[in-house]
Protein chains: 2
Amino acid sequence: MTVRERADAAHNRRKILVTAQRLFQDSGVDHVSMDDIAQAAGVGKGTLFRRFGNREGLIGALFQQLTEDWQQEALDQLADPGEDPRERVLGFVASLFDDIVVPGRPLLRALERDSGGSHANLERYLLWQGLLARAIAEARPDTDADFLAHTVLGVLRADFVDLLVGTGMSIDAVRTGVLTLTASVLTAAPEPG
Amino acid sequence: MTVRERADAAHNRRKILVTAQRLFQDSGVDHVSMDDIAQAAGVGKGTLFRRFGNREGLIGALFQQLTEDWQQEALDQLADPGEDPRERVLGFVASLFDDIVVPGRPLLRALERDSGGSHANLERYLLWQGLLARAIAEARPDTDADFLAHTVLGVLRADFVDLLVGTGMSIDAVRTGVLTLTASVLTAAPEPG
DNA sequence: AGCCAAGAGGACCAGCGGTCCGGATATGGT
DNA sequence: ACCATATCCGGACCGCTGGTCCTCTTGGCT
């Protein structure tokens with residue numbers, strides 16, 4: 001397909017992305033309207049929607065930009081059979097928290113909120129959850145690794161982290177809690193009699 | 001205080017509540033506008049907002065109606081010192097899941113979504129979390145009961161349950177997972193050497 | 001240079017939550 | 001029974017939002 005994006009289109013796309021990121025950062029994701037972004041980017045509203053389809057598409061593009069490099073590396077490392085699965089899981093969770101959840105919290109919240117829509121979020125979630133579950137299963141073949149993976153990711157959801165922060169916990173306390181939980185998930189518990 | 005609610009006002013309040021519940025049930029919370037509710041209840045929009053302040057107030061009132069009886073009983077039982085803390089926690093979680101989360105999922109989602117606003121939700125959360133943490137601490141004094149309580153409640157969040165269902169799990173599978181997780185949280189794990 | 005698909009842009013739209021205010025009425029005092 | 005009035009009612013109205021549409025422009029190929 002030779003239908004390459006025209007130069008002005010690509011230029012505008014980049015301009016929109018950087019502008020949106022700045023506005024979101026400055027004013028909070030849900031105090032910035034699509035009009036705001038179009039105007040600040042010096043672009044018509046039609047252009048904005050032509051490029052990204054809708055609001056969720058724009059936010060998704062910003063989020064993907066944040067994750068694409070990380071995801072490749074992190075998932076490879078998580079699946080690397082040459083290392084202790086426990087270490088791999090802990091490393092993955094720590095990296096997910098530090099590099100994605102914390103810096104991407106506002107974007108993630110916005111994406112989680114409209115989860116009813118696009119399948120992209122669900123697919124991404126399932127990808128992470130599947131690999132995480134496999135690694136957990138390596139460390140603890142005896143348990144429901146699948147649900148434990150869900151649990152760990154559940155605690156990492158942006159709005160839940162925000163809730164915890166809202167109760168007075170510091171980001172660092174949340175981090176410690178998440179990692180402790182992950183570690184305990186990886187440690188075999190005796191079956192209750 | 002003789003400032004009793006006038007009879008017509010009370011009547012309208014009841015009518016609005018039952019109408020809203022029906023509409024939400026039939027069409028899904030976020031496909032029903034405040035206009036819809038007012039019209040279906042045979043009431044002016046001004047009346048609706050006068051009674052409940054705003055959308056979140058209405059949803060909150062519906063949710064409180066759903067929980068008020070349950071909460072009294074469940075929290076008492078959770079704090080009852082005469083029973084095995086493990087049983088109490090498991091019973092509380094099961095009841096919370098069966099009686100609140102599952103039937104109230106749509107309302108809860110809507111409330112969680114706008115959590116930025118009212119403190120009422122945060123207070124309710126902290127009340128439940130505090131008592132749950134105390135009971136967990138009785139069963140396992142050695143761990144961070146506080147964060148474990150957060151974890152259990154985190155997995156019970158309505159939008160997370162919806163996400164799990166969206167991945168193909170049945171409600172019953174979610175229930176099993178939640179209870180298994182709770183049980184494992186209540187079972188001491190050996191410190192990793 | 002000339003053609004034209006792709007893109008630009010902003011007026012426009014429908015729907016939303018929420019407000020306002022002139023008219024109606026329930027209620028307590030007489 | 002009746003009045004005075006605080007309370008309440010209703011729906012027109014508002015500002016704002018995400019999203020569409022249609023005309024004009026322009027980059028890129030020949």
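Quick note on labels: first sequence line is chain A, next is B, and so on, each numbered from 1.
Applying the 6.0 Å contact sphere to CD of B:Q65 captures more than 12 heavy atoms from other residues, nucleotides or ligands.
Between B:N12 and D:dC9, a side-chain N or O to OP1/OP2 separation shorter than 4.0 Å is present. The side chain of A:R50 places no N or O atom within less than 4.0 Å of a non-bridging phosphate oxygen (OP1 or OP2) of D:dG19. Using a 4.0 Å cut-off, some side-chain N or O of B:T47 falls inside it from OP1 or OP2 of D:dG10.
Rounding to whole angstrom units, CG of residue B:L48 and P of D:dC8 are separated by 15 Å. In this structure, NZ of A:K15 is placed 9 Å from P of C:dA8, rounded to the nearest angstrom. One atom, NE2 of B:H11, and another, C1' of C:dT25, lie 15 Å apart when rounded to the nearest Å. One interatomic measurement links the two molecules: CZ of A:F52 to P of D:dG18, which rounds to 15 Å at whole-angstrom precision. Rounded to an integer number of Å, the gap from NZ of B:K45 to C1' of D:dA12 is 10 Å. Rounded to a whole Å, the CD atom of B:E56 is 14 Å from the C1' atom of C:dG18. A straight line from CG of A:L58 to P of D:dG18 spans 11 Å, rounded to a whole angstrom. A:E5 has its CD atom 14 Å from the P atom of D:dG27, to the nearest Å.
Judged by closest nucleotide on DNA chain C, B:D36 is the one of B:D8 and B:D36 placed further toward the 5' end. Across the interface with DNA chain C, nearest-nucleotide mapping of A:A9 and B:N54 shows A:A9 to be the residue nearer the 5′ end.
The backbone N or O of B:L111 lies less than 3.5 Å from no partner atom in the side chain of B:E56, so there is not a single donor-acceptor pair.
Closest contact between the side chain of A:S33 and the listed nucleotides C:dG10, C:dG17, D:dT17 involves D:dT17. Distance from the side chain of B:R6 is smallest to D:dC8 among D:dC8, D:dG18, D:dG27. Side-chain proximity of A:F49 to the nucleotides D:dG18, D:dC9, C:dG17 is greatest for D:dG18.
Linking ILVMFWY residues whenever their side-chain heavy atoms come closer than 4.5 Å, directly or via other members, places B:V102 and B:V165 in the same cluster. Both B:L107 and B:W70 belong to a single network of hydrophobic side chains, linked directly or stepwise wherever heavy atoms of I, L, V, M, F, W or Y lie under 4.5 Å apart. Cluster annotation: B:L58 and B:V18 are assigned to distinct hydrophobic clusters (Ile/Leu/Val/Met/Phe/Trp/Tyr, side-chain heavy-atom contacts under 4.5 Å, transitive).
For D:dT17, its base never sits under 3.5 Å from the side chain of A:R55 at any donor and acceptor pair.
Here A:R13 lies out of heavy-atom contact (under 4.0 Å) with every strand.
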